[in-house]
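Only a predicted model underlies this, so the values are computations on that prediction, with no experimental measurement involved. Counting convention: from 1, in listed order, for ligands and their atoms alike.
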Amino acid sequence: MARVSNFNAGPAALPLPVLERAQRELLEIQGTGMSIMEHSHRGKAYEGVHDEAIALLRELLGVGDEYHVLFVQGGASQQFAVVPMNFLGAGKSADYLHTGNWSKLAMDEARLFGTVRVAASTEADRFTRVPRADEIDIDAGAAYVHITTNNTIEGTQYHQVPDVKGKPLVADMSSDFLWKPFDVSRYALIYAGAQKNLGPSGVVLVVARKDLVEAGRKDIPKIFQYRTFAAANSLYNTPPTFAIYLVRNVLAWVKESGGPAQIGKWNEEKARLLYAAIDARPDFWRAPVAKDSRSTMNVVWRLPTEALEDAFVKEATKAGLIGLKGHRNVGGIRASIYNAVTVADVKNLVGFMDAFAARNGG
Ligand SMILES: *Cc1c(COP(=O)(O)O)cnc(C)c1O
């Protein structure tokens, strides 16, 4: 078996021990004579997995009792609509920080339910940075403030939680959730599609303050109310059991690896290695993102020509370095170095980059 170095943006790499555990448990879990996929979501075996996933998450991030931890479906894209559906309405307004492709889609959905106010935008700089503190203008009447903590396509990330003047902060953390320890209490609601840092596609993690959930609208379909999932421990209807099982495996792996602090150290090291390689040859590699907004998860850069970028991706693929083509909206190169990507994977990439640059006059 030859596992590649996988730099896919999402669905993305999963830790090898997570997959090996799933392989060991695939045909039969805990002596029950069947796989977890074949168990009822109301049965003991599945409930054990489900509750363990939630408990692990609470433990790893120190999530307080004032928060619900929920599993929902429909992807982060559905949350773009479900957040304003629950918390906006006629006469209500929410503030959005516009930092790229995903924040735009979130705003487009919110406009269907209320007023969207752009509290800051870095569009004039082609989203090559996140807003500075002094550019963020929070409306005293905002129902909530929405941010995208890591901009997966543009390769930017907040390195400080913006000051939102006490308004409920809603965060799309799909591409940097659990990249290191963080203070959940700064947020009113967090959502994250699992397929970047947490598991496979098919499930979204929501961490939401109980008072906010309670204050949500009741005149929308039950299936879109957070309180429905909260009241039923995310077992209101059939959840994506196998996806949640894999999220459990990922969280157990995070814990065994030394917890979010250790994961964070590896991530800092990976990002440091990769940006150092890019910065070492400024005439060959060009990193468009402002240094203080650089993402530790999605590293984007350009080469002198598109032909060289195509050659880079092609030759990298041959060398077992997969998924390096930039998003079709922005072009160039993108290496997604999520939690499951190892320091060794990044060293492989850096070695390849140095050789490629040397071969091509860099
Ligand atoms: C991937 C991603 C999404 C979209 O996730 P889906 O599960 O495809 O809906 C939304 N926001 C961010 C920041 C992402 O990285």
Side-chain angles (χ1 to χ4, degrees), residues 6-14 70-85 94 96-110 112 116 120-123 127-131 144-159 161-162 169-180 182 187 189-208 223-224 239-240 242-244 246-247 250 267 271 289 293-300 323 325-330 334-341:
N6 180 355
F7 300 98
N8 277 335
L14 285 163
L70 310 174
F71 291 118
V72 300
Q73 297 186 58
S77 300
Q78 185 163 296
Q79 293 303 298
F80 295 163
V82 171
V83 165
M85 211 188 292
Y96 278 70
L97 273 58
H98 185 23
T99 51
N101 174 82
W102 294 119
S103 67
K104 174 174 191 309
L105 294 177
M107 291 192 292
D108 286 347
E109 297 291 55
L112 297 170
V116 168
S121 169
T122 53
E123 189 167 13
F127 303 121
T128 53
R129 60 184 184 87
V130 296
Y144 61 83
V145 180
H146 182 281
I147 65 169
T148 312
T149 53
N150 183 76
N151 295 280
T152 325
I153 295 171
E154 296 80 5
T156 66
Q157 187 179 31
Y158 289 91
H159 295 293
V161 184
L169 179 56
V170 174
D172 175 2
M173 286 195 192
S174 293
S175 53
D176 68 350
F177 187 83
L178 204 60
W179 83 271
K180 66 169 183 182
F182 72 98
Y187 302 87
L189 188 149
I190 295 164
Y191 61 91
Q195 70 269 23
K196 277 101 183 202
N197 251 352
L198 273 178
S201 59
V203 67
V204 177
L205 176 82
V206 173
V207 181
I223 194 74
F224 296 133
F242 194 59
I244 294 170
L246 283 166
V247 169
V250 168
N267 283 330
V289 171
S293 293
R294 283 176 165 182
S295 170
T296 55
M297 298 278 96
N298 309 98
V299 179
V300 300
K325 197 171 165 56
H327 189 275
R328 60 188 182 280
N329 286 3
V330 296
R334 169 174 58 176
S336 297
I337 50 174
Y338 300 124
N339 290 357
V341 175

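Under a 3.5 Å cut-off, the side chain of Thr122 and the backbone N or O of Arg129 do form a donor-acceptor pair. No donor-acceptor pair under 3.5 Å is formed between the side chain of Ser336 and the backbone N or O of Tyr338. When atom types are taken as modelled, the side chain of Asn298 and the backbone of Ala9 share no donor-acceptor pair closer than 3.5 angstrom.
Evaluation of the salt bridge (Lys or Arg N to Asp or Glu O under 4.0 Å) rule for Lys104 yields Asp108 as partners, not counting sequence neighbours. With sequence neighbours left out, the ring-ring contact (aromatic ring centres under 6.0 Å, His included) criterion links Phe127 to His98. The side-chain contact (heavy atoms from CB on, under 4.5 Å) test applied to Val300 returns Pro288, Val289, Arg334, not counting sequence neighbours.
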Please tabulate, one line per pair, the protein N or O atoms found under 3.5 Å from any N or O atom of ligand 1, giving the distance to one decimal.
from     : atom 1 : to     : atom 2 : distance (Å)
ligand 1 : 7 (O)  : Ala76  : N      : 3.4
ligand 1 : 7 (O)  : Gln195 : NE2    : 2.9
ligand 1 : 9 (O)  : Ala76  : N      : 3.2
ligand 1 : 9 (O)  : Ser77  : N      : 2.8
ligand 1 : 9 (O)  : Ser77  : OG     : 2.6
ligand 1 : 11 (N) : Asp172 : OD2    : 2.6
ligand 1 : 15 (O) : Thr152 : OG1    : 2.5
ligand 1 : 15 (O) : Lys196 : NZ     : 2.7

